Amino acid sequence: MDDPEHIRNIAIAAHVDHGKTTLTDNLLAGAGMISDDTAGEQLAMDTEEDEQERGITIDAANVSMTHEYEDQNHLINLIDTPGHVDFGGDVTRAMRAVDGALVVVDAVEGAMPQTETVLRQALREGVKPTLFINKVDRLISELQEGPEEMQKRLLAVIQDVNELIRGMTEEMDDIEDWTVSVEEGTVGFGSALYKWGVSMPSMQRTGMDFGEIMELERNDKRQELHERTPLSDVVLDMVCEHFPNPVDAQPMRVPRIWRGDADSQLAEDMAMVNEDGEVVLMVTDIGVDPHAGEIAAGRVFSGTLEKGQELYVSGTAGKNRIQSVGIYMGGEREEVDRVPAGNIAAVTGLKDAIAGSTVSSEEMTPFESIEHISEPVITKSVEAQNMDDLPKLIETLQQVAKEDPTIQVEINEDTGEHLISGQGELHLEVIGQRIERNQGIPINTGEPIVVYREAPQSESREVEGISPNRHNRFYISVEPLGDDIVETIKMGEASMDMPELERREALQEAGMNKDDSQNIEHIHGTNILLDETKGIQHLNETMELVIEGLEEALDDGPLAAEPVQGSLLRLHDARLHEDAIHRGPAQVIPAVREAVHNALIDANIKLLEPIQQVRIDVPNDHMGAASGEIQGRRGRVDDMYQEGDLMVVEGVAPVDEMIGFSSDIRSATEGRASWNTENAGFQVLADNLQPDKISEIRERKGMKQELNPAIDYF
């Protein structure tokens with residue numbers, strides 16, 4: 001741990017069911033941590049009961065192992081990440097802690113939608129990829145392919161992955177060529193289930209070629225194959241040789257994720273991985289141990305963590321005292337005396353930390369927040385069956401939101417409901433099960449509710465908002481923001497935390513005109529407020545209240561109190577009472593709220609619904625039924641093509657209609673279809689559905705049914 005040149009921090013990432021956890025078993029067996037015979041079936045990294053039952057990884061799990069490469073012992077800190085799209089937040093957070101990503105692809109299925117997503121998550125964090133093509137045994141024994149067909153298929157997979165990498169790294173100046181190749185040894189092949197693997201360097205070492213491997217595989221001599229060319233050696237050698245160590249990686253990664261002073265001593269400590277420097281820990285995951293309380297896991301960029309240190313947590317006052325330091329080994333935590341820079345540590349005692357916090361010995365500029373690619377699209381209400389459990393349930397829900405930032409918890413004080421919003425049906429189902437199982441609280445969950453958004457469609461006139469005492473007036477207009485600008489804000493490339501010059505440049509690049517980019521007063525979600533007033537007395541001290549009124553108005557849109565997105569608001573003019581007592585919160589906030597809502601209505605505000613991309617793989621004779629399932633759900637089919645002996649149907653459909661999709665598609669195709677969905681943002685709901693949907697949401701929220709009479713444009 002004290003020798004950063006021989007440490008490798010890596011994550012294993014792939015599409016769901018391409019074999020990540022099975023591959024990790026092999027590596028653990030190779031390092032002598034689990035028995036060789038059960039590797040591949042034990043799934044040692046799926047430590048929770050529900051993971052073993054469902055056969056999928058839900059939480060990212062860390063493990064550390066050693067491997068001897070070129071007569072030198074290396075420490076490998078590995079994170080096994082989930083593949084299911086509902087748990088993509090865990091992948092994003094894991095990428096912040098590592099320097100290399102081993103991308104696993106199924107040889108039969110090839111690169112899939114989630115493969116593309118995890119690659120994008122890795123490259124955005126400046127993490128170097130290598131490729132392992134798994135399940136090659138299926139090509140040999142199931143599909144009976146000859147050497148030439150097989151080579152063609154494997155090369156096609158490598159080409160697909162390289163195209164993705166090239167497309168994503170085009171605009172990154174600090175990355176040279178990160179594409180993978182067989183000759184360089186950055187591609188491995190094999191079968192995680194049968195524990196054998198090969199790569200170009202390993203063939204040179206063992207003298208085995210593909211012909212010999214196919215012969216042993218066909219004659220069921222898999223044990224001999226495993227003994228002659230074990231998978232763990234091939235993969236761990238690849239990790240040691242091709243992934244950067246912290247000393248090489250940190251000088252490149254720190255400027256990407258930290259906006260502090262590049263010439264400071266702190267920047268140098270992080271770039272040099274200096275274990276005697278200031279302590280800097282980036283928390284990427286929060287877990288709970290029933291005995292030790294909260295455990296914060298994360299990457300130590302500089303300094304050395306020790307028990308009893310008092311550290312600052314970004315965004316909170318005061319210091320937290322470290323109770324213990326250790327490293328994660330799957331579900332277990334091994335306590336150690338100290339963890340130096342360049343390692344992944346697990347710490348207790350940081351009670352203020354959340355996933356994404358920066359923890360340090362001196363106050364410092366925090367790291368960039370971890371940007372999650374997708375936002376919550378489905379909500380369920382949760383209530384305790386026994387009233388006595390209520391305080392415990394509220395505490396548990398707050399804990400859930402702390403552990404998983406992709407979940408939003410809202411307690412509605414008017415109706416007393418607790419609402420949790422997540423990435424999909426499975427995401428919420430798992431959370432509900434865990435509350436019941438781990439906390440022992442019996443709960444009732446409501447039907448899934450889909451999250452909508454509201455957005456202006458055209459430019460509004462200038463609208464006046466008047467305060468209740470008639471002494472203050474605000475003049476505001478609204479127009480829709482361009483898609484590129486919204487995307488820039490979503491990706492965190494433009495925010496109020498960054499220096500003004502950088503923010504201006506980022507927004508101008510996305511297509512905002514120069515004058516507008518200089519007048520930005522506030523960004524809330526994906527909405528921007530411009531201050532275009534000239535020399536108004538008292539506006540400076542009232543601005544805070546204006547922003548508060550604006551945020552309130554945008555969080556509950558005028559149609560159905562759903563959040564507003566993608567709007568550009570201009571404050572043209574304001575008239576304020578000279579007496580501070582007559583322009584307090586009770587006057588300014590309602591005036592601004594009224595102006596914003598009326599301007600949005602004048603800009604033809606409409607309801608947006610979340611949509612999903614759907615991909616179904618299905619045998620030829622069930623193709624009609626599969627495409628009918630998408631079209632019958634107000635979806636559209638974009639593409640159909642043959643891939644091997646299956647037809648692939650690709651399209652998009654609204655999330656609202658996709659609830660219960662899994663059972664319907666099974667019965668429509670006699671259970672022979674495999675499918676996956678990915679969230680694809682929001683689109684405007686059809687005009688004829690707007691009035692019904694709006695009144696349905698208003699009724700659910702207990703609002704009055706009459707809309708503002710100005711909304712008659714549907």
Side-chain angles (χ1 to χ4, degrees), residues 46-59 82 84 86-87 89-90 285-296 331 333 348-355 375-452 555-556 560-563 655-656 659-660 662-663 696-703:
D46 285 351
T47 51
E48 296 274 346
E49 267 175 81
D50 51 359
E51 297 184 291
Q52 293 276 0
E53 282 167 22
R54 291 172 187 268
I56 58 171
T57 303
I58 292 171
D59 296 330
H84 196 287
D86 283 12
F87 308 107
D90 276 58
D285 198 32
I286 301 271
V288 172
D289 179 322
H291 311 298
E294 274 184 28
I295 304 167
R333 196 165 39 96
T348 58
L350 297 175
K351 59 180 187 309
D352 293 334
I354 55 171
E375 43 190 334
V377 293
I378 278 197
T379 303
K380 269 185 177 176
S381 67
V382 176
E383 49 192 47
Q385 286 180 13
N386 314 324
M387 284 307 291
D388 309 350
D389 288 335
L390 195 62
K392 195 170 163 194
L393 176 67
I394 292 177
E395 209 174 287
T396 307
L397 288 174
Q398 287 166 340
Q399 188 61 45
V400 164
K402 198 167 176 180
E403 287 176 46
D404 185 349
T406 51
I407 278 201
Q408 287 174 4
V409 174
E410 185 191 335
I411 296 176
N412 184 336
E413 286 167 6
D414 304 336
T415 60
E417 283 182 308
H418 305 84
L419 302 175
I420 40 179
S421 314
Q423 307 285 318
E425 278 186 276
L426 180 68
H427 197 191
L428 296 182
E429 192 182 316
V430 165
I431 298 278
Q433 265 194 344
R434 289 192 172 179
I435 292 175
E436 293 201 313
R437 181 178 285 172
N438 302 350
Q439 303 292 331
I441 307 175
I443 53 172
N444 296 328
T445 52
E447 286 294 301
I449 306 164
V450 176
V451 180
Y452 291 83
D555 289 342
D556 306 334
E562 295 283 327
V655 174
D656 195 20
I659 293 171
S662 46
S663 52
E696 182 190 313
I697 299 174
R698 289 179 78 98
E699 191 177 325
R700 189 184 81 223
K701 292 185 174 177
M703 298 162 65

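Quick caveat, the model's predicted, so the values are computed rather than measured.
- Atom CD of Glu403 and atom CG of Asp285 lie 8.0 Å apart (nearest 0.5 Å).
- Within the 4.5 Å cutoff, the side chain of Lys402 has heavy atoms near those of the Glu294 side chain.
- Here the side chains of Thr406 and Asp90 are not in contact, with every heavy-atom distance at 4.5 Å or above.
- Side-chain contact between Val400 and Arg434 is absent, with no heavy-atom pair separated by less than 4.5 Å.
- Within the 4.5 Å cutoff, side-chain heavy atoms of Ser381 are placed close to those of Leu419.
- Rounding to the nearest 0.5 Å places CG of Leu426 at 6.0 Å from CD of Glu429.
- Closest non-hydrogen pair, Ala296 versus Leu350, comes out as CB-CD1, 4.2 Å.
- In terms of heavy atoms, Leu397 sits closest to Ile420 at CD2-CG2, 4.0 Å.
- Taking 4.5 Å as the limit, every side-chain heavy atom of Glu410 sits out of range of all side-chain heavy atoms of Thr379.
- Pairs of residues two or more places apart, or lying in two chains, never qualify as salt bridge (Lys or Arg N to Asp or Glu O under 4.0 Å) while including a residue from residues 386-397.
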Taking distance alone, no hydrogens or angles, what donor-acceptor pairs closer than 3.5 Å link side-chain atoms of residues 442-450 to residues at least two apart or in another chain?
from: Asn444; atom 1: OD1; to: Gln385; atom 2: NE2; distance (Å): 2.9

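- Note that the CD1 atom of Ile378 and the CG atom of Asp656 stand 8.5 Å from one another [nearest 0.5 Å].
- Going from atom CD1 of Ile431 over to atom CD1 of Ile407 covers 3.5 Å, rounded to the nearest 0.5 Å.
- One distance of note links CD of Glu436 with CD1 of Ile441; it measures 9.5 Å at 0.5 Å rounding.
- In this structure, Val409 and His418 have side chains that are not in contact, with every pair of non-hydrogen atoms separated by 4.5 Å or more.
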